[in-house]
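Just below is one structure, and these are the notes that go with it.
Given the structure is predicted, the values throughout are model-derived calculations rather than measurements.
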Amino acid sequence: MGIDLPFVVTLFAIAVMAYCLWLVVKLRPTIPGGVIGKRWNTLLGLVAIFAVGYLTTPFMRAIPEEALRFIVAGIFFFGALYVLLTVKLLHRVIVELTA
C-alpha cells in the first residue's frame with residue numbers, strides 16, 4: 001500500500017471523523033432527555049458506524065469487489081439516515097428555540 005494523495009485525504013478524513021465522534025460523545029451529557037436525547041443517541045451510533053467505516057478505508061484495496069460494493073451501498077444508506085436525522089434534530093431544536 002503506497003502513500004498517494006487519496007491515502008493522505010483518507011487519513012485526514014479519519015482524523016476529522018474521530019474528532020466528530022469525540023464531540024458527539026463529549027456533548028452527550030449536556031443533551032436533555034426526551035426526543036432530542038433519543039435522537040442524539042442514534043446520531044452517536046451513526047457517527048460510530050462511520051468512524052469504523054472510515055478506519056477500514058485504507059484496507060479497501062484488499063476487499064473483494066462485491067464486498068466493496070456492499071460497503072459503499074451501506075455508506076450511502078447510513079449517510080442518508082445521518083442527514084435525515086441531523087435535519088430533523090435541527091428542526092426540532094429550532095422549533096423549541098422559537099416557541
Side-chain angles (χ1 to χ4, degrees):
M1 176 183 340
I3 296 179
D4 54 2
L5 184 58
F7 183 77
V8 172
V9 171
T10 298
L11 289 180
F12 281 115
I14 290 169
V16 170
M17 187 53 70
Y19 176 68
C20 290
L21 182 59
W22 176 77
L23 279 176
V24 171
V25 170
K26 182 182 175 197
L27 289 173
R28 177 61 190 111
T30 65
I31 304 297
V35 174
I36 293 175
K38 184 188 279 188
R39 292 207 193 275
W40 193 264
N41 287 336
T42 306
L43 186 70
L44 188 142
L46 288 170
V47 172
I49 288 170
F50 278 115
V52 169
Y54 276 44
L55 288 172
T56 65
T57 56
F59 307 104
M60 286 196 173
R61 293 180 186 168
I63 297 174
E65 184 179 338
E66 191 61 32
L68 188 58
R69 289 172 46 123
F70 182 73
I71 291 169
V72 170
I75 290 169
F76 285 162
F77 176 71
F78 287 113
L81 286 178
Y82 179 83
V83 170
L84 175 66
L85 180 67
T86 302
V87 169
K88 290 185 79 146
L89 183 62
L90 287 172
H91 179 261
R92 177 139 341 230
V93 169
I94 290 168
V95 167
E96 291 293 324
L97 290 175
T98 58

Under 4.5 Å between side-chain heavy atoms, hopping through other hydrophobics if needed: is there a path connecting [X] to [Y]?
| X | Y | result |
| --- | --- | --- |
| Phe76 | Leu43 | no |
| Leu55 | Ile63 | yes |
| Val9 | Phe59 | no |
| Ile49 | Leu68 | yes |

Side-chain polar contacts of residues 11-39 - donor-acceptor pairs under 3.5 angstrom, sequence neighbours left out - could you list them?
residue : atom : partner : partner atom : Å
Arg28   : NE   : Asn41   : OD1          : 2.7
Arg28   : NH1  : Ile31   : O            : 3.4
Thr30   : OG1  : Leu27   : O            : 2.6

Which atom names give the shortest non-hydrogen contact between Phe7 and Pro58, and what distance separates them?
CE1-CB, 3.9 Å
Distance-only criterion, 3.5 Å: show the donor-acceptor pairs between side-chain atoms of residues 85-99 and protein atoms not counting sequence neighbours.
residue : atom : partner : partner atom : Å
Thr86   : OG1  : Tyr82   : O            : 2.8
Thr98   : OG1  : Ile94   : O            : 2.8
Thr98   : OG1  : Val95   : O            : 3.4

